[in-house]
*Asks:* 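Mind looking over this structure? Questions follow.
Lettering follows sequence order; numbering is per chain, from 1. Everything numeric in this text was worked out from a predicted model, so none of it was measured. Values below: every heavy atom of this structure, side chains too, minus hydrogens, waters and symmetry copies.
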Amino acid sequence: QKEVEQDPGPLSVPEGAIVSLNCTYSNSAFQYFMWYRQYSRKGPELLMYTYSSGNKEDGRFTAQVDKSSKYISLFIRDSQPSDSATYLCAMSADNQGGKLIFGQGTELSVKP
Amino acid sequence: EAGVAQSPRYKIIEKRQSVAFWCNPISGHATLYWYQQILGQGPKLLIQFQNNGVVDDSQLPKDRFSAERLKGVDSTLKIQPAKLEDSAVYLCASSSLPGHSYFGPGTRLTVT
């Protein structure tokens, strides 16, 4: 069993839809939870960062961490074609939040 | 603020040849990581440096991979000899805050 599980998709939604992306994990020592966006042939770009549990909102993006269920989510409101990318969840048990363990990534396509 | 720089962006070599990748992290970032991303997968950590010292190289195939970070700034990752399964994108990341790793554009390696 992988430490971090993520549905690879692909996920296709119409412009303006609410997108929900999820990851589950098995290592209860994870304390840092991140979401990265990766466009084709580019490096991952840090979108959201959460330490421990709770919710975090930044513009159209909301990240949720439920440590009791070992489940994290990223919601994208009013999705745009420019949101089309692969979304990677990443987690760390390291006290400096490094040594990231990534999910497989979910490929998202937002259709105009 | 300039991002993480990597070169070359693309490299094609034959199996059993050697190759080297270069990374220049964000100025002032003490922590530097090399990740390997195979097509369709999330990045996998190879090695972590703190300044010019190795913190974790437990997932680095040391029979063929080596890395160094001289003077605590730039880093090079070398593969010798390369195998077909080394075909991947090699990503460099740097960090100065917990949970905030910033990635470069990566070097896409094809081994034929």
Side-chain angles (χ1 to χ4, degrees), chain A residues 2-10 21-25 27 29-54 56 58 63 65 72 74 85-107, chain B residues 1-11 21 23-26 29-51 53-60 88-110:
Chain A
K2 294 181 181 178
E3 277 190 284
V4 179
E5 298 277 1
Q6 184 176 10
D7 186 338
L21 303 167
N22 312 293
C23 289
T24 58
Y25 63 94
N27 187 349
F30 286 145
Q31 50 185 334
Y32 290 91
F33 303 90
M34 281 69 69
W35 285 96
Y36 283 83
R37 177 173 64 194
Q38 187 172 28
Y39 292 113
S40 180
R41 297 186 179 271
K42 302 287 187 182
E45 170 194 7
L46 181 62
L47 270 182
M48 301 287 285
Y49 147 79
T50 307
Y51 175 72
S52 191
S53 284
K56 194 166 189 177
D58 184 0
V65 175
I72 71 169
L74 177 71
T86 295
Y87 289 80
L88 296 153
C89 63
M91 309 180 189
S92 175
D94 177 63
N95 62 6
Q96 291 299 311
K99 300 182 190 177
L100 301 180
I101 308 297
F102 281 87
Q104 184 176 353
T106 299
E107 183 181 350
Chain B
E1 179 181 72
V4 176
Q6 290 189 247
S7 69
R9 291 297 313 277
Y10 305 91
K11 190 74 177 179
F21 314 126
C23 171
N24 179 240
I26 294 172
H29 283 197
T31 311
L32 184 148
Y33 309 88
W34 284 100
Y35 287 83
Q36 179 193 58
Q37 185 175 25
I38 292 172
L39 185 65
Q41 298 182 20
K44 184 185 91 169
L45 179 68
L46 292 175
I47 189 168
Q48 175 187 356
F49 290 93
Q50 182 73 20
N51 295 309
V54 175
V55 174
D56 185 349
D57 63 358
S58 58
Q59 299 196 78
L60 187 73
V89 176
Y90 290 85
L91 295 160
C92 180
S94 68
S95 173
S96 66
L97 290 174
H100 290 72
S101 290
Y102 297 95
F103 285 80
T107 296
R108 184 175 298 270
L109 174 67
T110 301

*Asks:* Should the heavy atoms of other residues, nucleotides or ligands under 6.0 Å from NZ of B:Lys11 be counted, would the total exceed 12?
*Replies:* no
*Asks:* Please rank A:Leu88, A:Leu46, A:Thr50 by heavy-atom pairs under 4.5 Å with chain B and give me the top one.
*Replies:* A:Leu46
*Asks:* Within the 4.5 Å heavy-atom criterion, are B:Ser101 and A:Tyr36 side-chain neighbours or not?
*Replies:* yes
*Asks:* Of all of B:Asp56, B:Leu45, B:Leu91, which one pairs up most often with chain A through heavy atoms under 4.5 Å apart?
*Replies:* B:Asp56
*Asks:* Are any of the side-chain heavy atoms of B:Pro98 and A:Tyr51 separated by less than 4.5 Å?
*Replies:* no
*Asks:* Taking every non-hydrogen pair under 4.5 Å, which of A:Glu45, A:Arg41, A:Met34 racks up the most with chain B?
*Replies:* A:Arg41
*Asks:* Where on A:Gln38 is there a heavy atom nearer than 4.5 Å to chain B: the side chain, the backbone, both, or neither?
*Replies:* side chain
*Asks:* A:Pro8 versus chain B, heavy atoms under 4.5 Å apart: side chain, backbone, both or neither?
*Replies:* neither
*Asks:* Out of A:Lys42, A:Lys99, A:Gln104, return the one with the most heavy atom pairs under 4.5 angstrom to chain B.
*Replies:* A:Lys99
*Asks:* I need the residue from B:Lys44, B:Gln37, B:Gln59 with the largest number of non-hydrogen atom pairs under 4.5 Å to chain A.
*Replies:* B:Gln37
*Asks:* Could you tell me if the side chain of B:Pro43 sits less than 4.5 Å from the side chain of A:Leu100, heavy atoms only?
*Replies:* no
*Asks:* Measuring heavy-atom distances to chain A, does B:Gln41 have an atom under 4.5 Å in its side chain, in its backbone, in both, or in neither?
*Replies:* backbone
*Asks:* Answer with side chain, backbone, both or neither: which region of B:Tyr10 has an atom nearer than 4.5 Å to a non-hydrogen atom of chain A?
*Replies:* side chain
*Asks:* So for B:Ser95, is it side chain, backbone, both, or neither that comes closer than 4.5 Å to the heavy atoms of chain A?
*Replies:* neither
*Asks:* Quick one: sort the B:His100 and A:Tyr49 rings into parallel, tilted or perpendicular, breaks at 30° and 60°.
*Replies:* tilted
